[in-house]
Novice: 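Below you'll find the structure I mean.
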Protein chains: 2
Amino acid sequence: MSEKKPTRSELKRQAIIDAAKQAFQELGVQGTSMDELAARAQVSKRTVYNHFASKEALVMFLIGELWQQATQSSGCDYHPGSDLHAQLCALLELEIKTICNPQYIELNRMAFDYFFHQPEALRQEMEKYKAHETGVQRWIKAAVADGRLKPLDPEIASGQIHNLIKGSCFWPQMLQLSGPPSPTEQVALAERTAGIFLSHYQA
Amino acid sequence: MSEKKPTRSELKRQAIIDAAKQAFQELGVQGTSMDELAARAQVSKRTVYNHFASKEALVMFLIGELWQQATQSSGCDYHPGSDLHAQLCALLELEIKTICNPQYIELNRMAFDYFFHQPEALRQEMEKYKAHETGVQRWIKAAVADGRLKPLDPEIASGQIHNLIKGSCFWPQMLQLSGPPSPTEQVALAERTAGIFLSHYQA
DNA sequence: AATAAACTGCACTGCATAGTTTACTTGGTG
DNA sequence: CACCAAGTAAACTATGCAGTGCAGTTTATT
């Protein structure tokens with residue numbers, strides 16, 4: 001019902017986008033020529049340029065998609081009645097699962113690659129992003145307000161949690177030093193992160 | 001006395017190395033042409049190639065220097081008598097100071113840049129490096145053996161510490177999202193890292 | 001001064017890539 | 001069916017870079 005007719009043009013466009021994601025992730029942005037890209041998309045190079053004015057425009061489009069997708073992740077809300085540890089674990093497992101989605105890693109690698117030598121542009125993008133790193137933060141604030149965590153700086157505290165998680169499963173994947181952790185490992189990571197956090201901050 | 005006569009050749013070589021460090025860090029490895037490099041070193045391009053067989057050889061040489069330098073950092077030893085928190089803080093401050101050395105960051109950025117699309121080569125280099133991430137680890141093992149920390153997996157525990165530290169002051173610098181933290185901030189980071197760690201693990 | 005080793009400048013090869021032009025084909029809609 | 005927006009292939013421009021060859025110059029050593 002909702003999906004009626006992808007135009008021929010739209011099909012081509014999507015093919016370009018898919019091929020770009022795949023190629024950029026596999027060979028890097030620099031390492032992928034527009035000829036290679038067109039070949040992968042099974043599309044004439046001219047068609048690529050009909051859809052995207054330049055390689056840079058393509059990259060920026062993909063990165064835009066990434067941010068958008070990344071910022072619509074929902075978290076669980078704080079629940080006054082139930083066990084803190086269990087709640088936090090559930091929340092962290094969600095965040096970990098998001099991070100471990102191969103798509104997420106691949107696009108982040110691409111963005112990373114692109115922005116590594118453009119710190120100014122990166123900083124600007126991060127501004128937009130900043131508003132939304134708040135899943136864990138909201139939970140922490142709520143728990144503090146409820147008197148079940150010691151008074152703390154929510155920015156720092158949620159930063160600590162994110163550092164613990166990212167150090168274990170984001171950066172290693174980013175550098176392709178390891179693949180995504182198994183569900184078991186994901187749970188273990190959530191458990192020990194919640195553990196160390198609550199040891200310090202629980203009221 | 002110890003330094004007598006740097007040959008003309010050695011002077012040139014050093015100029016090349018210095019220029020390479022600077023240029024690679026400023027423009028990226030890819031972004032630096034051998035012509036640009038030679039110009040910066042005030043040396044003929046031919047001379048560059050007389051000292052280094054290829055661009056890649058130059059990069060690998062610089063990275064080798066980096067690992068070497070990074071792995072000769074010493075830590076403080078565990079001291080049975082004195083306060084755990086104070087000891088750990090001192091140790092962490094040292095690590096933080098090492099990480100915040102601009103030279104260290106710059107070379108890491110270069111290595112990063114180079115290895116980002118060579119995960120296999122990176123894994124190999126990491127093998128060598130692995131043996132030496134042990135400053136904190138040794139301390140933890142000693143403290144556990146002394147019965148002043150709960151039983152724990154030293155690998156995981158030291159990993160947690162490093163993740164907390166790196167997340168705050170390594171990665172942001174790596175991405176040039178922030179400059180090196182002030183000494184005050186460095187101390188604060190060491191304090192709160194030691195704090196959260198000991199809350200969980202102190203016997 | 002003679003000699004060898006290192007440095008220099010510069011032209012040149014070879015290759016890869018971003019982006020454009022052109023002349024031609026195709027597929028869907030009225 | 002006739003039309004046209006969109007796609008296509010391939011050649012083409014323009015640029016940039018790694019690495020080489022070579023003829024001549026500088027430096028240090030004997």
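Here is how names work: the chains are called A, B, and so on, in the same order as the sequence lines, proteins then strands, and each is numbered from 1. Note that the structure is a prediction, hence the values are computed from the model and not measured.
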Novice: In whole Å, I'd like the distance from the NZ atom of A:Lys12 to the C1' atom of D:dA6.
Specialist: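 A:Lys12 atom NZ is separated from D:dA6 atom C1' by 10 Å.
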Novice: What about B:Arg46, does its side chain sit under 3.5 Å from the base of D:dG21 through a donor-acceptor pair?
Specialist: yes
Novice: What is the distance, to the nearest angstrom, from the CZ atom on B:Arg13 to the P atom on C:dA5?
Specialist: 18 Å
Novice: Taking only distance into account, with no hydrogens and no angle test, what donor-acceptor pairs under 3.5 Å do side-chain atoms of residues 181-197 of chain B form with protein atoms, sequence neighbours excluded?
Specialist:
residue: B:Ser182; atom: OG; partner: B:Glu185; partner atom: N; Å: 3.2
residue: B:Ser182; atom: OG; partner: B:Glu185; partner atom: OE1; Å: 3.3
residue: B:Glu185; atom: OE1; partner: B:Ser182; partner atom: N; Å: 2.8
residue: B:Gln186; atom: NE2; partner: B:Pro181; partner atom: O; Å: 3.1
residue: B:Glu191; atom: OE1; partner: B:His85; partner atom: NE2; Å: 3.2
residue: B:Thr193; atom: OG1; partner: B:Leu189; partner atom: O; Å: 2.7

Novice: Spell out yes or no: do the side chain of B:Lys45 and the base of C:dG9 have one donor N/O and one acceptor N/O closer than 3.5 Å?
Specialist: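 In this structure, the two groups form no donor-acceptor pair.
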Novice: Using the rule given for side-chain contact (heavy atoms from CB on, under 4.5 Å), can you reason through B:Leu37 versus B:Lys45, listing the C-alpha separation, both sets of side-chain angles and the distance that settles it, and then say yes or no?
Specialist: CA-CA 8 Å; B:Leu37 180 64; B:Lys45 179 160 68 153; over 6 Å; no
Novice: Just how far is it from atom CZ of B:Arg13 to atom CZ of B:Arg8, taken to the nearest 0.5 Å?
Specialist: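 Going from the CZ atom of B:Arg13 to the CZ atom of B:Arg8 covers 15.5 Å.
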Novice: Looking at A:Phe116, I'd like to know if the NZ or CZ of B:Arg109 sits under 6.0 Å from its six-membered ring centre while staying within 45 degrees of the ring's axis.
Specialist: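 That pair qualifies as a cation-pi contact.
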Novice: Ring-plane angle category for A:Trp139 and A:Tyr78, please: parallel below 30°, perpendicular beyond 60°, tilted otherwise.
Specialist: perpendicular
Novice: Give a yes or no on whether a salt bridge exists between B:Arg40 and B:Glu36, defined as a side-chain N under 4.0 angstrom from a carboxylate O.
Specialist: yes
Novice: Counting only heavy atoms and a strict 4.0 angstrom limit, can you tell me which residues of residues 17-43 of chain B come near DNA chain D?
Specialist: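 Per residue number, the list reads B:Thr32, B:Ser33, B:Met34.
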Novice: I need the CG-C1' distance between A:Leu11 and D:dA6, as an integer number of Å.
Specialist: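 It is 13 Å, rounded to the nearest whole Å.
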Novice: Taking all non-hydrogen atoms of both residues into account, name the closest pair between B:Gln202 and B:Lys150 and its distance.
Specialist: O-CE, 3.5 Å
Novice: Considering only heavy atoms, which members of residues 48-66 of chain B lie under 4.0 Å from some atom of DNA chain D?
Specialist: B:Tyr49, B:Ser54, B:Lys55
Novice: Closer than 4.0 Å, any side-chain N/O of B:Ser9 to the OP1 or OP2 of C:dA5?
Specialist: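 Negative; the distance criterion is not met.
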Novice: Search all heavy atoms of A:Thr32 against all heavy atoms of A:Lys55 and return the closest pair with its distance.
Specialist: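 Closest heavy-atom pair between A:Thr32 and A:Lys55: O-NZ, 2.7 Å.
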